[in-house]
Structures are given as C-alpha cells and as structure tokens.
Amino acid sequence: MPTSSSTSTLKLLAAAAACAGLMALVGVWSESQSSAARIALLAVSAFVLAGVGAAVALRALARSERECARLRTQVEDARALSDAVMNTTPVGFAYYDRDLRYVHVNAALAAMNGLPVEAHLGRHVSEVLPELGTALASRLSSALASDAPVQDLSLQVETPAAPGESRFWFGSYSRVRGSGGAVLGVIAALSEVTERMRAEASLQEHEGRLDVLTRSLPDYLWGGKLRDGVLRDFYCTPVVERTTGYPASAFIGDGLEGAPSPLWSEMIHPEDRARYRECIESLVLAPSTEVEIEHRIICADGRVRWVRSRAAASGLDSLGGVHLGCVVTDVTDRRLAEDLRQRLNDSFRRSATEWRRTFDAVASPLLVLSADGIIHRLNDAARVLFRETDPSGQPLATTSGAQPWSSATPLVEELRATHGSASRQVHDPESGRTWEVSAAWVDEKASEDPRIILVATEVTRLLELQAYVRRSETMAAMGAIVAGVAHEVRNPLFSISAVVDAVEATYGTRPELKPYLDVLRGEVRRLTHLTQELFEYGRPTRGEWTDGAVGAVVADALSACMLTSDKASVTLVREVSDALPPVRMDARRLFHVFRNVVENAVQHSPQGTAVHVTAEAVEEAGRPWVRCTVHDGGPGFKSEDLPHVFEPFFSKRRGGTGLGLSIVQRILDEHQGRIRLSNHPQGGAEVTILLPALSPAGNTGPTPQSQVS
C-alpha cells in the first residue's frame, strides 16, 4: 500500500503534466497570433501556471508535514510500548550493535546481572560482566553471522545478583537487519532457569533413588488411570519380572490410551479374576481409599504364585476417573507356611481328638497330675467318680469324699519324694467298692513339666470272685461233711423218733412220763430241723430256672410266715410294686431265701411291732436291679457281729442253727444277686436283697456275683 509521501509526489507530477499540456495547447493556439500577442499570452499563461503550481506545492508541503508529525507520534508510541513491554516482562532482553555493545537493556536483565541499566549501555558485553560476557560474545557473534536464531541451555554463570552461586540461563539470540537489509545488531532474550534446572536435577536424583529402591524391593509396583472400567496410562516397575517371569515390556500394550496388554489380566488366576476386578473397580466408587486382596497369578513358567495386592486411589478427576497405585507382594512362602501350619494344626487337633477319645475310652479311671498334685486331665471314667463334676485345675487333696481319689493323696506324696511308682488298695465303705490305685512318676528327658499318672482299677469284682471261690470251696467241703453227718444222723434219729412214738403209745397215759416224752420229742424235732438244714446247705446247685416277676415269690414267702408272725404278734406289711421287671430265678430256692429272712425278722421283733417287706425296681452301678428290703422292729445288728453273720453255725438266737443266712447267701450266689445287712436309721435291722433284672431284650449282660456289705 503506498505511503502518504509517495501520494503527494504523484499529485505534483500530475499537476506538472497538466501544466505542460496546457502550455502546449496555448502554444499551438498562439501560432496564428502576432508575435507580441503570442509572447504576452505565453507570459500570462506561465504566470498563471506558476501561481497554480505554487499553491499546489504549498498545499502538498503542509500535508506532508502533518503526515510526518503523525508518524513521529506513532513511532514514539511504539517505542514507549516496546519499552513498557521490555521493562515489565520477566525475561531479560538486550540489544547489541554490530560491535556487541549494549544499546538497550531491560530492567529484568539488569536485575539478573545485578547491575543498573546505565552500567550496561555503550559498553562491550565482556566489559560489563567478564565471565558472562565471554560466554555471551561467542553466542552473539554466531547470531550476527546467521539468520537463524541461536538457542542454548548451557549458560551457567555467577553474577553479582547471586555471588558465590552458579545460575543457569536459557538464551535466544537473533540478528537484526535494517530496511535496506543491512545488519544493525543482535537482540538477546535471556531467561533464568536455575530453579527449573535444580528441580530437574533433584527429580533425576529422586528418580534414581526411586529406581534403586524399587529394584531393591521384592515387591513390584504398577499404576495408571482407571476410567470407565479401562486402565489407561499403565506402567509397572521392572521388578515385575522377578515375581512373574515376564519383563515389564510384556505388559505395555498398544491399546487405547496406554492400556496394558491382555497378558496383564490373563496372568490373574481364572478363579480369582472376577474377585480381583471387583476389588480394583471398587476404588472408583470410593476414591481416596485403599483396598487389599490376596490372589493367585500364573507365572511365565506356569507356576502359580500367591500375591497380595494393596491398591490406593486418588480422588475423582474431571472425567470421573481415578489414578491408581498398587504394590504387589509375593506371599507364596507365607501362604505355604500358613497352609503347612494349618495342616499341622489340623493334624494336632485330630491327634488330640484321637488321644482324647482313646484316653476317654479307657475303662479304668485315669488322672494326670502335675508335680505339685494339681489335676491336669482326667478321662470320662474318672469324671464319673467325681459325680460328673470337672475338678481340673484343683489340687487332688481338695477332692475329699470322691473315692478312691481322696485316699490317693498319701500315694502322690510318696511319689513326689521317690519319683518312682507305687500302688495301694482303697475301699469305699459307702458304695462297697474296692479299688487298686496305681501311681507312676513320668518325667521325660529335657522336660521341665513332670507328670504323675494315677490309674484306679476296680477290684471289687475280683475280690468278690475270690471270696466266692473261697466260700464255695469252704461250703463244698462243709457241704460234703454236713451231708455225710446228716445222712448218718438221719437213721438213728428216725429210730429214736420211732422209739419215742412207741413209748408214747405204750406208756402215754402215765403222767410221770409225759415231761420226759415232751423233751425227747422236742429234741427230735430240733435235730430233724437241723438235719434238714444240713441237707439244704450241702445240697449241690441244681434247680428249675425261669424268667418271671419276684413279687409272687415274695407273696408266697409272706403267706408261709403268717402263722409264725401271728404267734409272735408281729404284723407283716407288704409293699411290692406291680411293675417289677422279670428276673432269672429258681422260684423254689428263692422262696426259701425270703421265708428265711422274714422268719428271722419276725423272731427278732418284739410283740406289737411290724416287719416291712418292699420290692421295687432300681438302678445301681449302671445296671437295673430288683431290690427287696426286709425291715424289722428289733434291736438291729451289732457291729461286731456283721463280719460273721454269714459264717455257718454262727447264731446269736437261742435254739438257732446258724445256717439260715449261710444258706441264703449261697442261694443268692446262685442267682448272682447281692445281700446287704445294715441297721435302719429309725431302728431295727434291715436286710436288702438285690436280684439282677432282665433287660427288655432278655440280655442282662455280665451279672455280678453276690456282695455282702
């Protein structure tokens, strides 16, 4: 677009051309005139043209001056704007002439150099700051020789603004040409990047430290942005190869926005993938939280490893995604150790259960005591003896009343002194049971916790069998003797009885002989009764065994004793249950037992008293019995007589043979029953007869021999 000065010039040239054309027309027209008129006409035309030209020239000059003033104003405004920009920008600017002298310096560069602006202007770049100038001179010279800008990041100097401290600058240098293309100088733009360089150096140092740290850790890290269920900008540390066998590059995929390769999800064990994905995606629903999950991965060599992934998420960004970071720790060894520990614990529990069951299955009561006599463990059989209470943790000495343990304290004290073994027999008068208590000191090598083992073996049955054998042998021997004696006595006794009958028949009418005959007949009857009992005592065991209720036998025995009770003025009271279980019995022999016991009770009861006979079903020692009790109103048993009442020919009653209870005991032995003699708390003797009851299936199991207590 043409400038205002060129426009004025064109106008002047146009006016001159117009004047020249006008003069030419006047000259052509004046050729027909006289020379004087022609000269006058030309002079007038020239004058007119000169006036017009002067007016036009003056007008153009005024216009040109106005245009120059406007241009000067624009130049001054542009320079002011440039100075304002140069002085307010944080970037340092300097303009140098071709001799590399400062022409213009802005405030930012002066501050960077630590000198005022006036200290720069007109001076060579190396004169202002020798060290900086030397570095800048070569760069400015390179810029003057090239139209391409020159840039560098390697400017490192020390300035008065920060003495003793190296500063880093970024420089950009460009050559400046005039309107004619002549090189006027060079302009430099300098920015201080000290803090950025330091930050980069610190970042590199921290990255180096982080790299060393991540490589030294057994865990690997991964991260990325989780948005819309897609993991983007994925990265992972190289340590991943140490755990998985895959290099980190194998997981860097070419998918959308840096998503990991499919191997990343395929590496998760198929049974854990859904759980793993659900756990990681839960961070989007609860940002700024952490989650932890243990899962399996399939390594490059096909091995399955257990890892623990601990992931954390940032807050939601503008697109609804979160930045994830996850630390993955190999916990295979721990899981294997836990599995082994669990298997060991299960094995220990099974062993403990088996040991406990075996311990409880032992029929003999067992106690395990500590060295100071504290009950540490006991089996079920021992717990029964404590009446189902658990005395664990209590001293054995405090278990008074629990036989046989309460009598085992001296045995424990003996073992604590001897560290050996010992045993003793304990009898419980209350239950009539006898125990063989054995104790042993157990002290394993290198053990600081010795134990005392107590084993109680009930020998009641054994002692009963032994007593039964002895009694059977005695009774067999005595039975053979008394049977022989009875047999030898029976014939003379029969002859004596016949002679008495003959004498009575011949001389019965003579009063003086009657007392003698009565004595003879009474003695004959007594000897006959004795002979009968001797035969009963010595008779071998045989009979007719049946299963039935004992109530009928008791009723028959009471009926047989009714005459005796009436003569003695003693009342018989019968209390027999109608629902008694059946027993295995010889009814004839068992009838003799009840009649003998009831007759003894009647004979020992004063007139006006009563003999109570009861029969009921009970359970003792874990099995059913039929218990028959005969309670009289007499003086009861003497304590010194109780050990001898079942001995043959022992009797405290005048005229008694001493064979009644011996015969009763023998018959009950045949029935595997028991008989107990005691004194009733309200007075009088009490005889208890126990007969084993049959089970509903008819199988009574092992039946005990008789027991006397």
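Count residues from 1 along the sequence.
- By the 4.0 Å N-to-carboxylate-O rule, R416 lies close enough to E413 to be salt-bridged with it.
- In summary, of the residues considered (I689, V618, V583), a side chain to side chain contact (heavy atoms under 4.5 Å, CB included) with W625 occurs for V618 alone.
- Between V576 and G551, the closest heavy-atom pair is CG1-CA, 4.0 Å.
- Partners of H427 according to the ring pair (Phe, Tyr, Trp, His ring centres under 6.0 Å) rule, which considers only residues two or more places apart in sequence or in another chain, do not exist here.
- Here the CG atom belonging to D330 is positioned 12.0 Å from the CH2 atom belonging to W306, to the nearest 0.5 angstrom.
- At least one side-chain heavy atom of C628 sits less than 4.5 Å from a side-chain heavy atom of F594.
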Might you work through the side chain to side chain contact (heavy atoms under 4.5 Å, CB included) test for V593 and V553, ending with a clear yes or no? CA-CA 10 Å; V593 169; V553 179; over 6 Å; no

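- Minimum interatomic distance between L378 and S392 (heavy atoms only, all atoms of both residues): CD2-OG, 3.5 Å.
- The closest side-chain heavy-atom distance from L572 to V613 is not below 4.5 Å.
- By the 6.0 Å contact criterion, CD on Q394 is enclosed, its count of non-hydrogen atoms from other residues, nucleotides or ligands being greater than 12.
- Between I375 and L367, the closest side-chain pair of non-hydrogen atoms falls below 4.5 Å.
- Remark: the backbone N or O of T609 is not paired with any side-chain donor or acceptor of S605 at under 3.5 angstrom.
- Looking at heavy atoms from C-beta onward, R308 lies in side-chain contact with E292 at the 4.5 angstrom threshold.
- When side chains are defined from C-beta on, R595 counts as touching E599, because their heavy atoms get closer than 4.5 Å.
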Side-chain donor-acceptor distances from residues 629-636 under 3.5 Å, at least two apart:
{"from": "H631", "atom 1": "NE2", "to": "G683", "atom 2": "O", "distance (Å)": "2.8"}
{"from": "D632", "atom 1": "OD1", "to": "G634", "atom 2": "N", "distance (Å)": "3.1"}
{"from": "D632", "atom 1": "OD1", "to": "A685", "atom 2": "N", "distance (Å)": "2.8"}

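- H419 has its side chain out of reach of P450: every pair of non-hydrogen atoms, C-beta onward, lies at least 4.5 Å apart.
- At least one donor-acceptor pair closer than 3.5 Å links the side chain of D272 to the backbone N or O of R296.
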Below 3.5 Å, can you tabulate the donor-acceptor pairs from side chains in residues 341-348 to any protein atom, sequence neighbours excluded?
{"from": "Q342", "atom 1": "NE2", "to": "D346", "atom 2": "OD1", "distance (Å)": "3.0"}
{"from": "N345", "atom 1": "ND2", "to": "R341", "atom 2": "O", "distance (Å)": "3.2"}
{"from": "D346", "atom 1": "OD1", "to": "R349", "atom 2": "NH2", "distance (Å)": "2.1"}

Intermediate values then yes/no, side chain to side chain contact (heavy atoms under 4.5 Å, CB included), I452 and V442: CA-CA 6 Å; I452 297 175; V442 179; over 6 Å; no

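- You'll find the ring centres of H671 and W545 inside the 6.0 Å limit.
- Between L590 and V550, the closest side-chain pair of non-hydrogen atoms falls below 4.5 Å.
- The CG atom of D566 sits 11.0 Å away from the SG atom of C561 when rounded to the nearest 0.5 Å.
- Contact record, S423 with E436: OG-OE2, 3.7 Å, taken as the closest heavy-atom pair.
- Checked for salt-bridge contact, E338 and R334 meet the test: a charged N lies under 4.0 Å from a carboxylate O.
- Here the closest non-hydrogen pair linking A382 and L366 is CB-O, 3.4 Å.
- Residue L462 holds its CG atom at 10.5 Å from OG1 of T457, rounded to the nearest 0.5 Å.
- When all heavy atoms of V687 and F637 are compared, the closest pair comes out as CG2-CZ, 4.3 Å.
- Formation of a donor-acceptor pair under 3.5 Å by the N379 side chain with backbone atoms of R356 is not found in this model.
- Between E294 and R335 a salt bridge is recorded (basic side-chain N to carboxylate O distance below 4.0 Å).
- Proximity of Q607 to V570: side-chain heavy atoms (C-beta onward) are nowhere separated by under 4.5 Å.
- Ion pairing between E620 and R676 holds under the 4.0 Å rule for side-chain N and carboxylate O.
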